[in-house]
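Quick notes on the structure that follows.
The residues of the chain are indexed from 1 along the displayed sequence.
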Amino acid sequence: MKTRFLAAAVLAACPIHAAGAREAGPEASVRAPLAISGFRAEFLGGYDDDGFSSGLLYGARVGYDFAVGDRFLLGVDGEFTDVDTHRTIVIGTQPPLRANDGPDLYVGGRATFAVSRRFRIYGGAGFTRQKQGVFIQASATPPPFGTFAAEKFSYDGLRLSGGAQLLIGRRAFLGAEYRYSHYQDYGNHRGQLVGSLGIRF
């Protein structure tokens, strides 16, 4: 009699245990890490201001993020951008002097925090090198027309940035950030508001 009672109790417990195992599945998936290592590539576009004049920014960025815990990532960035920012300086009767900024190369690091499965915030810092072409013109005609002398310069500096990303779908994301660059030569600086469209691999 006792043996039959024990067997019945075991059989009754089996469905309950199986149901509990099935219910644990979705909960386990919810607890999956929000931070996952991998490559990313982004198209960039936005607004540029060098302290004298402003223009449009466009370019691309690639990077890799390393997961550090469930919500944190540490990453590296490489970026190439250009701008249509320029300025013309006229001193007395001297020929106009026109300075065209860009392109800009950047290499740096990034720290990212996953607020939720779709929303992330990040900050970055790194090295930036800005190219600049200076044209001396015989008239106010835009270069290269009317140009009788030209010279190119490079300015090295540091950049700080902060932004956020919103995941759309499983791999694509939209981003927005502000960054400030300060160049050692002549104290040049620039501020930029940048939007991005990217994908993770």
Side-chain angles (χ1 to χ4, degrees), residues 22-86 100-131 155-183 188-201:
R22 287 194 299 270
E23 291 175 0
E27 183 179 354
S29 65
V30 170
R31 293 179 180 176
L34 301 182
I36 301 176
S37 300
F39 286 98
R40 54 183 156 75
E42 303 171 62
F43 291 106
L44 307 175
Y47 170 81
D48 172 75
D49 189 329
D50 67 1
F52 298 94
S53 54
S54 59
L56 297 177
L57 172 146
Y58 48 92
R61 175 167 59 203
V62 294
Y64 189 90
D65 294 312
F66 302 87
V68 183
D70 292 342
R71 290 179 177 267
F72 288 95
L73 299 106
L74 295 178
V76 291
D77 285 337
E79 181 180 303
F80 176 90
T81 56
D82 205 349
V83 296
D84 66 359
T85 307
H86 63 268
N100 288 6
D101 294 340
D104 197 300
L105 302 175
Y106 170 80
V107 178
R110 172 188 294 199
T112 302
F113 175 72
V115 179
S116 68
R117 194 161 298 279
R118 290 190 174 275
F119 186 70
R120 297 177 175 183
I121 57 176
Y122 64 88
F127 168 83
T128 179
R129 170 169 288 180
Q130 171 194 290
K131 301 284 187 178
Y155 302 115
D156 296 338
L158 298 176
R159 178 193 294 174
L160 297 176
S161 61
Q165 290 180 349
L166 177 66
L167 275 64
I168 49 176
R170 297 185 62 183
R171 296 182 179 273
F173 62 88
L174 295 174
E177 70 181 61
Y178 173 80
R179 62 253 201 110
Y180 174 83
S181 301
H182 185 273
Y183 303 93
N188 292 346
H189 67 273
R190 63 189 330 113
Q192 298 170 330
L193 287 171
V194 179
S196 64
L197 173 62
I199 186 169
R200 297 183 178 276
F201 299 95

remark   = Closest heavy-atom pair, Ala35 versus Ala67, reported as atoms and distance to 0.1 Å, is O-CB, 3.6 Å
ask   = For the residue pair Ser161 and Arg179, what are the closest heavy atoms and their distance?
value = CB-CB, 3.6 Å
query = Do you know which two heavy atoms are closest between Leu44 and Ser196, and how far apart they sit?
reply = CD2-CB, 3.6 Å
message = If you count heavy atoms of other groups shown closer than 6.0 angstrom to CZ of Phe80, is the number above 12?
response = yes
Sub-6.0 Å ring centroid separation between Phe66 and Tyr64 = yes
note = CZ of Arg200 to CZ of Phe39, rounded to nearest 0.5 Å, is 12.5 Å
ask   = How long is the gap from CZ on Phe119 to CZ on Phe173, to the nearest 0.5 Å?
value = 13.5 Å
ask   = Is there a side-chain contact between Leu158 and His182 (heavy atoms, below 4.5 Å)?
value = no
query = Between Asp104 and Gln130, is any side-chain donor less than 3.5 angstrom from a side-chain acceptor?
reply = no
ask   = Looking at Asp77 and Gly63, what are the two nearest heavy atoms and their distance?
value = OD1-CA, 4.1 Å
request  = Answer with yes or no whether the side chains of Thr85 and Asp50 bring together a donor and an acceptor at under 3.5 Å.
outcome  = no
ask   = Salt-bridged, Arg120 to Asp65, with N to O below 4.0 Å?
value = no
task = Enter the distance from Tyr155:OH to Thr128:OG1 here, rounded to the nearest 0.5 Å.
result = 13.5 Å
query = Would you say the side-chain atoms of Arg118 pair up with the backbone N or O of Leu166, donor to acceptor, closer than 3.5 Å?
reply = no
ask   = Between Asp101 and Arg190, is there a salt bridge with N-O shorter than 4.0 Å?
value = yes
query = If you round to the nearest 0.5 Å, how far is CG of Leu174 from CG of Leu197?
reply = 6.0 Å
task = Heavy atoms only: give me the nearest Phe52-Asp49 pair and the separation to one decimal.
result = N-OD1, 4.2 Å
query = Would Asp70 and Leu34 satisfy side-chain contact (heavy atoms from CB on, under 4.5 Å), going step by step from the backbone distance to the final call?
reply = CA-CA 6 Å; Asp70 292 342; Leu34 301 182; 5.9 Å; no
inquiry  = Check whether His86 reaches the backbone of Asp84 with its side chain - one donor and one acceptor, N or O, closer than 3.5 Å.
reply    = yes
query = How far does CZ of Arg40 sit from CZ of Arg110, to the nearest 0.5 angstrom?
reply = 4.0 Å
key: Heavy-atom pair of closest approach, residues Tyr122 and Gln165   = CE2-CG, 3.9 Å
key: Donor-acceptor under 3.5 Å (Arg71 side chain, Val115 main chain)   = yes
inquiry  = Nearest 0.5 angstrom please: Ile199 CD1 to Ile168 CD1, how far?
reply    = 9.5 Å
